[in-house]
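Reviewing the structure listed below.
Letters A, B, ... mirror the listed sequences (proteins, then strands); counts begin at 1. Note that the coordinates shown come from a computational prediction; the quantities given were computed from them, not determined experimentally.
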Protein chains: 2
Amino acid sequence: MPAPSIRARVRAEMIDEIKAVARRHLAGDGANLSLRAVARDMGMVSSAIYRYFPSRDELLTALIIEAYDALGDAVEAADTACDRPDLRGRWHAACRAARDWALANPAEYALLYGSPVPGYAAPDDTVAPASRPPLTLVGILRDGFVDGRLVRPAEQLPDEVHADLAELAAGLFPGLPEALLARGMAGWTQLFGLISFELFGRLNRTMPHREAYFDHQTGLMADLIGLP
Amino acid sequence: MPAPSIRARVRAEMIDEIKAVARRHLAGDGANLSLRAVARDMGMVSSAIYRYFPSRDELLTALIIEAYDALGDAVEAADTACDRPDLRGRWHAACRAARDWALANPAEYALLYGSPVPGYAAPDDTVAPASRPPLTLVGILRDGFVDGRLVRPAEQLPDEVHADLAELAAGLFPGLPEALLARGMAGWTQLFGLISFELFGRLNRTMPHREAYFDHQTGLMADLIGLP
DNA sequence: CCGAAGCGAGAGCGGTGCTCTCTCTCGACG
DNA sequence: CGTCGAGAGAGAGCACCGCTCTCGCTTCGG
């Protein structure tokens with residue numbers, strides 16, 4: 001590739017700085033990010049921001065993608081830091097990493113997993129980064145299945161569920177038993193619910209020992225999946 | 001009580017109409033409810049609304065409480081419509097009722113269980129209506145435990161978790177084994193996650209047969225709890 | 001019956017996202 | 001190396017928002 005022109009480099013730095021300032025605002029004010037406030041913080045007038053982002057939603061989308069990637073990085077790093085055969089340890093580590101990241105970046109977590117903004121439709125470039133955490137969890141199932149320590153659950157799936165899961169499994173890891181995938185998705189759903197409940201204040205009046213509770217609940221799901 | 005004055009009755013009707021119009025707006029525009037738009041729809045000027053609600057957040061709170069109660073009604077009705085001994089049927093019915101209500105009232109569900117509004121803190125009068133759905137689920141566990149068909153799970157709880165759950169159980173149903181309550185909470189967390197994933201578009205590209213998937217997933221949690 | 005309380009209208013404040021126009025600087029290219 | 005045009009920022013302005021305050025009018029209650 002040709003050396004990036006000076007103009008282009010300055011522009012890229014500007015974009016990065018806007019995102020950084022916006023992220024700072026996000027942490028304080030939640031999802032109602034004010035373009036004007038970001039511009040003020042940068043000593044610019046609000047209209048100047050539009051040289052870099054065509055709309056507030058585009059800026060939000062950029063932040064969303066970065067946040068998905070940060071979460072994905074955290075979860076994947078936690079998984080790969082474990083011994084490959086330690087399936088249960090990997091499960092717990094991945095879950096804990098997701099929770100830790102969410103607690104450290106609550107506004108960004110809310111942006112990713114909170115109620116969708118009414119007019120806003122997530123563009124396609126978010127789906128790949130968004131699927132990294134669940135893919136990490138499925139990876140644990142896959143590793144457990146290929147070396148035989150995770151067995152196909154006994155239950156029979158309803159036809160529709162079986163078909164849908166088969167299609168999904170084909171895109172992830174052909175051969176993964178559908179019933180196992182179903183349990184993995186239950187674990188992922190549960191993980192999301194746990195973090196959301198904690199972050200959105202649903203545990204405020206109960207369960208002071210959040211971390212122990214979290215570990216126990218993810219452990220229940222590990223049992224359900226059959227992780228040794 | 002004395003006959004309510006005409007003024008008071010008109011006022012109450014006014015409040016109800018404002019809430020009704022606001023609810024209609026909510027369905028279309030999501031959580032960013034515009035007081036001015038509501039006022040316009042009622043042929044009033046925006047400042048007149050403030051005769052009835054001191055702020056937009058107060059109006060939102062009123063809508064939230066009504067929504068919690070509507071959801072609570074739906075879940076409790078579904079539960080009581082089942083044969084008392086049919087624990088598993090009650091579990092499925094309650095879960096399905098919650099999902100049905102959420103699908104029928106997505107904006108209200110998002111208001112209840114989506115990301116909390118940054119400045120907004122849920123007032124205390126929301127906590128009682130908010131706990132009706134999980135209490136219904138716990139009621140199923142309790143009934144199953146008292147007639148001996150739900151057994152105390154074998155696992156040992158960590159001390160902290162045990163203590164927190166014991167305190168929680170004391171306020172709900174003294175004697176309910178903590179490990180059983182923990183599994184019930186896992187089911188409730190899972191239910192919330194399932195509905196949120198479906199409603200917030202997380203299943204958009206997979207799982208076309210949502211209802212069958214939902215039933216299977218809630219069935220998995222019923223298994224985990226030990227519902228016969 | 002009259003005063004007071006309740007009610008709606010209207011103007012206005014500071015804030016928002018976004019558009020359009022204008023100016024000027026500075027970097028790319030002949 | 002000189003020029004010229006693309007890109008950057010400022011500023012005014014539009015329509016909207018939540019909220020406040022004042023001012024008349026209605027209507028209820030003592």
Counting side-chain heavy atoms from CB outward, which of [options] is closest to [X]?
| X | options | result |
| --- | --- | --- |
| Arg40(A) | dT16(C), dA9(C), dC7(C) | dT16(C) |
| Met44(A) | dC21(D), dA10(D), dC18(C) | dA10(D) |
| Arg7(A) | dC28(D), dA12(D), dA28(C) | dA28(C) |
| Arg36(B) | dG12(C), dT25(C), dA10(D) | dG12(C) |
| Ser55(A) | dC21(D), dA5(C), dC18(C) | dC18(C) |

Give the rounded distance in Å between these two atoms: [atom1] of [X] and [atom2] of [N].
| X | N | atom1 | atom2 | value |
| --- | --- | --- | --- | --- |
| Asp29(B) | dG17(C) | CG | P | 18 Å |
| Arg11(A) | dC26(C) | CZ | P | 18 Å |
| Ile18(B) | dG18(D) | CD1 | C1' | 15 Å |
| Phe53(A) | dA8(D) | CZ | C1' | 16 Å |
| Arg9(B) | dG6(C) | CZ | C1' | 17 Å |
| His25(B) | dG18(D) | NE2 | P | 11 Å |
| Met42(A) | dG9(D) | CE | P | 8 Å |
| Asn32(A) | dC16(D) | CG | P | 21 Å |

Report which part of the nucleic acid [X] touches: base, sugar-phosphate, or nothing (heavy-atom distance under 4.0 Å, all strands).
| X | value |
| --- | --- |
| Arg56(B) | sugar-phosphate |
| Met14(B) | sugar-phosphate |
| Tyr52(B) | sugar-phosphate |
| Leu33(B) | sugar-phosphate |

- dA28(C) phosphate, OP1 or OP2: any side-chain N/O from Ser5(A) under 4.0 angstrom? yes

- Message: Can you tell me if Tyr50(A) touches the phosphate of dC20(C), counting only side-chain N or O atoms and a distance under 4.0 Å to OP1 or OP2?
- Response: no

- Query: Under 3.5 Å, is there a donor-acceptor pair between the Ser196(A) and Tyr109(A) side chains?
  - Reply: yes

- Task: Classify the side-chain pair Ser115(A)/Tyr113(B) by whether it contains a donor and acceptor separated by less than 3.5 Å.
- Result: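 Side-chain D/A pair, Ser115(A) to Tyr113(B): absent.
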
- dG15(C) base to Ser34(A) side chain: any donor-acceptor pair below 3.5 Å?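 A donor-acceptor contact between them is absent.
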
- Quiz item: Arg51(A) side-chain donor-acceptor pair to dG9(D) base, under 3.5 Å: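 Donor-acceptor pair under 3.5 Å: yes.
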
- Query: Applying the side-chain hydrogen bond (donor to acceptor under 3.5 Å, both in side chains) test to Asp215(A), which of Arg99(A), Arg96(A), His92(A) qualifies?
  - Reply: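 Among Arg99(A), Arg96(A), His92(A), the one that satisfies the side-chain hydrogen bond (donor to acceptor under 3.5 Å, both in side chains) with Asp215(A) is Arg96(A).
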
- Query: Can you check whether Asp29(A) reaches Ser34(A) side chain to side chain, under 4.5 Å on heavy atoms?
  - Reply: no

- Item | Derivation and outcome, side-chain contact (heavy atoms from CB on, under 4.5 Å), residues Met221(B) and Arg183(B) | CA-CA 8 Å; Met221(B) 298 314 283; Arg183(B) 293 186 177 217; over 6 Å; no

- Between Asp124(B) and Arg205(A), is there a salt bridge with N-O shorter than 4.0 Å?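 Between Asp124(B) and Arg205(A) there is a salt bridge, with a charged N closer than 4.0 Å to a carboxylate O.
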
- Item | DNA chain C: 5'-proximal contact among Leu35(A) and Ser47(B) (nearest heavy atom) |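 Here Ser47(B) is the residue nearer the 5' end.
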
